[in-house]
Amino acid sequence: MQTIVLGSSSITRAELLTKFGVPFIQRDPGFDEESLRIADPAHFVYHATKGKMQSYLETYDLEMPVLCADTVVTANGQILRKAKDKADAKRILEAQSGNTVSILSCMIYKSKTIELIDLSTTDYLFLPFEPKALHDYLESDEWKGKAGACMVEGFCKSYIKEVVGLESTAMGLSVEKLLPFLPL
Ligand SMILES: Nc1nc2c(ncn2[C@@H]2O[C@H](COP(=O)(O)OP(=O)(O)OP(=O)(O)O)[C@@H](O)[C@H]2O)c(=O)[nH]1
């Protein structure tokens, strides 16, 4: 399979591509999504991903296909992004505890021949987070750099009562939807 560029600084996205056997190199797309003033979660992840792709293509060409992505968590109609500090992480996680949470990931894959745009959602019904476990998770700093301070494969896993959608989408990259389009 041809090597692609993961236009993302995300460790989790790199781990997902590795898990699915996709050869890649990683480059930071150099886009500041804080510049976006968009309240709708789907519109936000789309424009953030589009901004990352546009920023990447200002620096690099398409000799290698490139993949950019963005992820947000929503609960009670609010966008829950990466926590600024431990107190913010506590607020964001408490908004998800015992609640229905939607995690939206947009990805744009672009080569010389095709452009794929995918926006997927994974919905969770979480049981209430156990206070001691939540405290320990907050102390662990594992929540840092994660949309909604959430780790569906980690802290949140034991609280999943219902799920609809791909775990990869919830972790930041719907790899299963990308695989059919990757060059052999
Ligand atoms: N391990 C883990 N990471 C998650 C989960 N949900 C979201 N993330 C990560 O949270 C981050 C969301 O922030 P983004 O702004 O989309 O991406 P980023 O990490 O800043 O990286 P860029 O693509 O360079 O912007 C991504 O790295 C996701 O992979 C999860 O459940 N588990």
Side-chain angles (χ1 to χ4, degrees), residues 4-20 22 24-38 41-60 66-75 78-84 88-89 92-93 95-97 99-110 117-126 129 134 137-138 140-160 163-178:
I4 69 169
V5 177
L6 172 58
S8 169
S9 57
S10 168
I11 296 169
T12 303
R13 291 191 178 111
E15 290 169 349
L16 285 166
L17 288 182
T18 302
K19 175 183 170 184
F20 282 89
V22 178
F24 68 96
I25 61 170
Q26 202 164 358
R27 290 173 177 160
D28 188 317
F31 176 72
D32 175 19
E33 54 201 87
E34 295 308 317
S35 60
L36 295 177
R37 293 284 175 271
I38 300 171
H43 288 210
F44 182 94
V45 283
Y46 169 70
H47 286 288
T49 306
K50 197 175 164 193
K52 292 176 185 181
M53 180 61 76
Q54 286 170 340
S55 173
Y56 176 87
L57 293 175
E58 284 168 8
T59 306
Y60 301 98
V66 57
L67 172 65
C68 294
D70 193 69
T71 302
V72 293
V73 175
T74 69
Q78 305 167 36
I79 294 184
L80 305 174
R81 302 200 36 238
K82 285 177 274 188
K84 297 176 181 57
D88 196 28
I92 288 171
L93 287 161
Q96 299 173 68
S97 176
N99 208 349
T100 299
V101 171
S102 292
I103 306 182
L104 293 79
S105 281
C106 181
M107 65 179 175
I108 300 178
Y109 170 80
K110 195 171 176 67
I117 300 176
D118 176 84
L119 203 167
S120 294
T121 302
T122 298
D123 297 326
Y124 290 94
L125 174 55
F126 286 138
F129 299 157
L134 177 56
Y137 178 57
L138 288 167
S140 74
D141 283 355
E142 278 189 299
W143 49 269
K144 285 184 177 175
K146 306 219 174 32
C150 180
M151 290 184 74
V152 294
E153 82 287 12
F155 169 73
C156 300
K157 195 172 187 75
S158 58
Y159 298 102
I160 297 173
V163 53
V164 178
L166 297 172
E167 181 180 72
S168 61
T169 298
M171 291 178 69
L173 199 64
S174 310
V175 185
E176 296 91 325
K177 295 190 168 186
L178 173 68

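First listed ligand is number 1; within each ligand, the first listed atom is number 1. The model shown is predicted, which means the values in this text are computed figures rather than measured ones.
Regarding atom 32 (N) of ligand 1, its nearest protein heavy-atom neighbour is E153 OE1, 2.9 Å. In terms of protein heavy atoms, atom 16 (O) of ligand 1 is closest to R13 NH2, 2.8 Å. The nearest heavy-atom contact from the protein to atom 5 (C) of ligand 1 is C150 O, 3.4 Å. The protein heavy-atom contact nearest to atom 4 (C) of ligand 1 is M171 O, 3.5 Å. At the shortest separation from atom 18 (P) of ligand 1 among protein heavy atoms lies K82 NZ, 3.7 Å. Among all non-hydrogen protein atoms, the one lying nearest atom 31 (O) of ligand 1 is V152 N, 2.8 Å.
For the ligand labelled ligand 1, residue D70 lies inside the 4.0 Å heavy-atom shell. For the pair E15 and ligand 1, no heavy-atom separation below 4.0 Å is found.
Of the residues listed (R81, K84, K82), the one engaging E34 in a salt bridge (charged side-chain N to carboxylate O under 4.0 Å, His left out) is R81, and it is the only one. Exactly one residue among F155, W143, Y137 makes a ring-ring contact (aromatic ring centres under 6.0 Å, His included) with F129. That residue is F155.
By the 3.5 Å distance cut-off applied to N or O atoms, S8 is counted among the residues near ligand 1.
At distances below 3.5 Å, at least one donor-acceptor pair connects side-chain atoms of T49 with backbone N or O atoms of V45. Under a 3.5 Å cut-off, the side chain of S8 and the backbone N or O of C68 do not form any donor-acceptor pair.
With hydrogens and angles left out, the side-chain atoms of S120 and K177 include a donor and acceptor closer than 3.5 Å. A donor atom on one side chain and an acceptor atom on the other are not found under 3.5 Å apart for T122 and E167.
Applying the 4.0 Å criterion to heavy atoms of E33 picks out, from ligand 1, the atoms 15 (O), 25 (O). Each of the following atoms of ligand 1 lies closer than 4.0 Å to a heavy atom of G145: 10 (O), 11 (C).
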Under the side-chain hydrogen bond (donor to acceptor under 3.5 Å, both in side chains) criterion, do R27 and S9 qualify, and how do the steps go?
CA-CA 7 Å; R27 290 173 177 160; S9 57; over 6 Å; no

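Neither the backbone nor the side chain of C156 comes within 4.0 Å of ligand 1, counting heavy atoms alone. Of the heavy atoms in K52, only side-chain atoms (C-beta onward) come closer than 4.0 Å to ligand 1.
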